[in-house]
Amino acid sequence: MDSVNRFGPELILLAMAAVIILADIGWALAGTGAERMRRPALGALALTGTAASIIWSALLIAFDEQGEAFSGMIRVDDFALFFNFLFAGTAAIVILASIDFLRRNRFVAEYYALILASTAGMMLLASTIDLIAIFVALELTGISLYILVAFMKDGRSSEAGLKYLLLGAISSAVALYGMAYLFGITGSTSLDEIGLVVSEANGETRSALVLAMVFLIAGFGFKMAIVPFQMWVPDVYEGAPTPVTAFLSVGSKAAGFAVVMRIFLTALGDGSISSDWATVFAILAAISMSLGNITALVQGNIKRMLGYSSIAQAGTFLIGLAVVAAADPQLLLGTSAVLFFLGTYAFTNLGAFIAVIAISSKIGSDQIADYAGVAKRSPLLALGLTICLLSLTGIPPTAGFIAKVYVFNAAVQADLVWLAIVGVLNSVVAAYYYLRVVLNMYTAEPASEESIQPGYYLGLAMVVAVVGLLVIGIFPSPLLEASEAAARVFG
Amino acid sequence: MEDTGSIVAFWLLAALTLGSALAVVLIRDLIRAVVLLITSFLGVAGLYITLSADFVAVVQVLIYVGAISVLMLFAIMLTPRAGRNNAETFFRIPGILLAGLMAFTISLVSLDTDWAVVERGGFEETASAIGEALLDKYVLPFELAAVLLLVAMLGAILLVHPEGTDEE
């Protein structure tokens with residue numbers, strides 16, 4: 001029973017996905033009389049699933065029920081639990097933000113079921129410690145997302161779905177090829193055993209290890225959306241339904257970082273190889289930040305802009321991974337910096353996308369120019385979006401400020417001063433395009449005086465995100481402690 | 001892989017697999033490409049047999065040579081204008097160069113590395129061992145694969161369903 005118990009947070013999400021599908025069939029049989037209750041009830045079921053998953057994770061901590069499950073396939077530790085909360089919370093906010101958007105859609109049940117299945121896959125990516133299970137979890141996350149991206153079935157959404165599917169399939173294949181190399185070198189699929197063999201290697205396997213590392217970075221770089229594996233981001237972000245874009249930009253990216261940390265710190269954590277991948281990550285961090293920010297400057301569409309900004313943010317997370325390599329104190333500092341940043345980024349980016357959902361669905365456009373004078377039409381929404389954009393820029397008292405200070409401080413302590421300088425310069429560039437949106441909302445004349453009222457659920461999701469990022473900005477210590485505890489897993 | 005028979009078989013099968021895979025890439029006609037892909041799959045099945053993996057070899061023939069190839073042929077025949085050949089592409093030369101570079105790097109690395117080699121066992125029946133592994137050690141990935149198939153099925157229904165939004 002221990003195995004099932006520790007697998008509970010994922011299991012309950014998958015079970016709820018099945019319940020939602022079955023309940024939907026029930027509604028179809030019940031006829032048109034009950035139709036009015038269908039959408040709210042299915043949404044409530046999905047939210048219950050995420051809430052139950054969060055509670056189960058909390059109970060695992062409360063009863064100290066941590067450890068391995070399913071004969072060494074998953075390991076439930078502080079790291080996995082940190083991501084359980086992050087993914088279940090993200091899914092809950094995304095579901096809240098989707099209720100209004102799904103008002104006229106037929107496939108509500110399928111939508112929620114896919115979100116829950118994808119979330120379970122993401123949680124597994126953070127907790128699996130075996131290459132075979134990692135690959136299945138990767139595909140479970142990915143395939144659900146391909147479908148969600150194409151969910152609208154209009155030209156743009158289908159095109160985005162197809163692009164995401166093709167590039168996703170290629171990147172999965174590349175990651176799998178890297179895993180096959182790891183297996184070929186060490187004769188094991190368990191991350192712990194691979195780590196053991198790698199640390200005892202005498203140099204005869206070094207070139208193959210480096211090749212495996214390159215393939216793994218390329219394969220998972222797609223999920224993390226870092227340069228040069230970012231080609232899909234702007235088109236997919238623009239074409240996907242906006243709640244799905246929010247889910248992609250937070251959940252999928254965090255899952256990519258979770259699995260990379262798990263593999264690289266456990267299996268490839270040995271000093272002989274870790275300095276190699278740390279250098280690769282440092283270079284990719286600098287390129288991702290610079291390219292993402294510079295391209296974001298010229299975007300006219302806010303979803304594309306947030307897409308490029310998320311590439312730049314991913315570059316900033318990578319600084320943390322670049323710091324990790326240099327022995328003990330840096331390992332803790334770098335890992336916890338990435339985790340803390342991911343936590344704050346979840347609230348910030350979800351908030352920004354929810355504001356975009358609310359505003360764009362009303363003005364019928366994603367163009368930044370059409371956001372002119374939004375502050376006059378909806379002061380609260382404009383304020384919320386402003387706070388999120390300030391947090392993305394890294395201005396106090398928002399969570400983004402503390403996260404950036406934390407990461408840059410880690411870089412300086414690990415003698416990566418050049419990387420910290422690149423990061424700070426990039427923040428200045430980023431400030432320009434984030435604040436341009438804010439200025440446009442507050443100073444420009446609105447095209448119409450009609451006020452913008454977000455739906456009740458959307459407003460609630462927005463409040464959760466904005467309050468979350470302000471609370472972290474003012475009282476960062478709980479999240480800080482949680483990320484340090486999670487980072488200590490690899491210490 | 002010590003006896004001469006296995007070594008000869010390996011090289012012949014490797015040549016068959018890689019040769020037809022290369023032809024799949026180079027040939028312009030889609031139907032011919034699929035037929036050559038089938039040959040490549042068969043070559044892989046043969047390689048599995050030289051590794052004493054009888055069950056995997058049979059499954060490879062049943063699923064890849066049988067089901068997937070037929071599915072591909074149907075998809076091509078049912079798609080309008082699929083009969084036309086692949087056009088010249090701008091990326092031909094860079095693609096060949098990149099693939100050559102990759103092949104070179106991988107061969108170099110493979111020769112340079114001290115692989116974790118497993119002694120080949122006798123020709124025993126592997127199906128029951130695979131079954132036990134799937135339901136014991138690998139039960140989690142196995143069950144997750146079932147969820148994965150459910151999700152894929154949901155997606156297929158959702159995406160091909162003619163109706164998009166409800167009229168209220």
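Numbered from 1 within each chain, the chains take letters A, B, ... in sequence-line order. Please read all numbers here as calculations on a predicted model, not as lab measurements.
Note on A:G184, A:A113, A:A133: by heavy-atom pairs under 4.5 Å with chain B, the leading option is A:G184. Note: B:W115 leads B:W115, B:Y138, B:F142 in heavy-atom pairs under 4.5 Å with chain A.
Using a 4.5 Å cut-off between heavy atoms, A:I21 contacts chain B through its side chain alone, with no backbone atom that close. When heavy atoms are compared at a cutoff of 4.5 Å, A:A201 does not approach chain B at all. Residue contact with chain B, scored on non-hydrogen atoms closer than 4.5 Å, involves the side chain of A:T189 exclusively. Proximity to chain B (any heavy atom under 4.5 Å) is restricted, for A:F7, to the side chain, taken from C-beta onward. Only the side chain of B:V139 comes within contact range of chain A, with heavy atoms under 4.5 Å apart. Heavy atoms closer than 4.5 Å to chain B are found in the side chain of A:D130, but not in its backbone. Within the 4.5 angstrom heavy-atom criterion, atoms from both the backbone and the side chain of A:L140 approach chain B. Contact annotation for A:I185: both backbone and side-chain heavy atoms come within less than 4.5 Å of a heavy atom of chain B.
Taking every heavy atom of both residues into account, A:S207 and B:T113 meet most closely at OG-OG1, 3.6 Å. Listed here is the closest heavy atom pair of B:A116 and A:G187: CB-N, 3.7 Å. Across all non-hydrogen atoms, the minimal contact from B:V151 to A:S144 is CG1-OG, 3.6 Å.
No donor-acceptor pair closer than 3.5 Å links the side chain of A:K153 to the backbone N or O of B:V160.
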(request) Give the C-alpha distance, both sets of side-chain angles, the deciding distance and a yes or no for side chain to side chain contact (heavy atoms under 4.5 Å, CB included) between A:F107 and B:H161. (result) CA-CA 10 Å; A:F107 299 103; B:H161 198 284; 3.6 Å; yes
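Rounded to the nearest 0.5 angstrom, B:L149 CG and A:E139 CD are separated by 11.5 Å. Rounded to the nearest 0.5 angstrom, A:I132 CD1 and B:L144 CG are separated by 12.0 Å. Put simply, CG on B:L140 and OG on A:S71 are 8.5 Å apart, with the number rounded to the nearest 0.5 Å. If you take CD1 on A:I143 and CG on B:L154, they are separated by 12.0 Å, rounding to the nearest 0.5 Å.
For a heavy-atom cut-off of 4.5 Å, chain B lies close to A:L114, A:A117, A:L124 in residues 114-128 of chain A.
Side chains of B:D114 and A:T205: no donor on one and acceptor on the other come within 3.5 Å.
A heavy-atom distance below 4.5 Å is found between the side chains of A:Y181 and B:I106.
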